[in-house]
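Values in this document were obtained by computation on a predicted structure and should not be read as measured data. We're numbering straight along the sequence, starting at 1. Every number for a ligand or one of its atoms is a count from 1 in the order of the listing.
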Amino acid sequence: MSPGKKIRIKRLFKDGRALIVALDHGRRHGPIPGIEDMASTLEKVLEGRPDAVMLTPAMIQRYHELLSNVFVVARIDGTGTTRSQDETDDRLISSVARAVYSGADAVSVMIYPGSRNESMLWEKLARVVEEAEPLGIPVMAEVVPKPPVFTSVDAEVVAYGARIAAELGADIVKTVYASDFSIVTKKTPVPVVVLGASKAPLSEVLSKVEEAVKSGAAGAAIGRNIFQHESPDRVVKALMEIIHGGASHLEVLKKYSLS
Ligand SMILES: O=C(CO)COP(=O)(O)O
């Protein structure tokens, strides 16, 4: 691995773990609640001092003045939207070089194993890995198994996709949580972070992250359950204590008066 990648991965996973706040939803969902005004959302999220945020390159450029003290992941695909005919047809919206020009410290692309577009998506990952290598930029693969092949998801299915992503050169895998998650972390030779989901009771989200970390996950990438909460900064602080301090979800719910 290049020194650049090594340095950047260590900056993200300082103690081996990280919380990435995902704020890239606009490119797929449009202006959903919580991200209508990105500057104020970013300010609230950053008050909690997360390890990283994730945005599209164009949004990094627009809001760069707020981003000098946080690791920035660029989401560099996004042609598959929630209203497009096939959201798994998710192609690049930026080169790695343009993401770096914008201020990115790492890049991320989506993979939907089992979908009709699977081959195109794996090729996208391989090409991004190739472009990122000489720039020393880590690549995160977001692996979300989908029909028609995967109509349900368990740890073996998640491990299948996560392992292929690592074999193709992903430096970090972001994927869905499944029970027995240690099956995924043991079979994937790179850090694995769990992704969030649509808004759910906070105790469920925090307990999922607690379980994932206990099963060897290197942290989490959470969006809506942070920025759609009335106090994003307190949710970030609670997640940081679970991820870095080994706190339980019950402890942090009480400590930060969260519900
Ligand atoms: O990483 C994510 C989107 O890029 C996760 O976001 P959610 O937590 O809102 O599902």
- Quick note on ligand 1: atoms under 4.0 Å from a heavy atom of R75 include exactly 4 (O)

- Query: What is the nearest protein non-hydrogen atom to atom 6 (O) of ligand 1, stated with its residue, atom name and distance?
  - Reply: H25 NE2, 3.1 Å

- Query: Quick one: which ligand 1 atoms are inside 4.0 Å of a heavy atom on I222?
  - Reply: 8 (O)

- Message: Taking atom CZ as the centre, does R98 end up with more than 12 heavy-atom neighbours from other residues, nucleotides or ligands that are less than 6.0 angstrom away?
- Response: yes

- Query: With a cut-off of 4.0 Å, which atoms of ligand 1 are near a heavy atom of A197?
  - Reply: 7 (P), 8 (O), 9 (O), 10 (O)

- Have a look at Y256 and tell me which of K237, E251, E241 forms a side-chain hydrogen bond (donor to acceptor under 3.5 Å, both in side chains) with it. E241

- Item | Close N or O approach (N225, ligand 1; < 3.5 Å) | no

- Message: Under a 3.5 Å distance rule, please check whether R28 uses its side chain to pair with a backbone N or O of G78 as donor and acceptor.
- Response: no

- Can you tell me if D105 uses its side chain to pair, donor with acceptor, with the backbone of F71 under 3.5 Å? no

- Per-atom filter on ligand 1: closer than 4.0 angstrom to a heavy atom of D24 are 3 (C), 4 (O)

- Message: Treating T79 as the side-chain partner and R91 as the backbone partner, does any N or O pair qualify as donor plus acceptor under 3.5 Å?
- Response: yes

- Is a side-chain N or O of Q61 found less than 3.5 angstrom from the main chain of A58, in a donor-acceptor match? no

- ligand 1 atoms nearer than 4.0 angstrom to some heavy atom of A221 are 1 (O), 5 (C)

- Kindly say whether Y112 contributes a backbone atom to a donor-acceptor pair with the side chain of S115 at under 3.5 angstrom? yes

- List every atom of ligand 1 that sits less than 4.0 Å from any heavy atom of E142, numbering the atoms from 1 in the order shown and giving each element. 4 (O)

- Looking only at distances, please establish whether an N/O atom of ligand 1 is found under 3.5 Å from an N/O atom of G223. yes

- Message: Strictly distance-based, threshold 3.5 Å: is any side-chain N or O of D233 a donor or acceptor partner for the main-chain N or O of V45?
- Response: no

- Identify, by atom number and element, the atoms of ligand 1 in contact range of R224, meaning under 4.0 Å from any of its heavy atoms. 7 (P), 8 (O), 9 (O), 10 (O)

- Which is closest to atom 2 (C) of ligand 1 by heavy-atom distance: M54, M140, K174, R27? K174

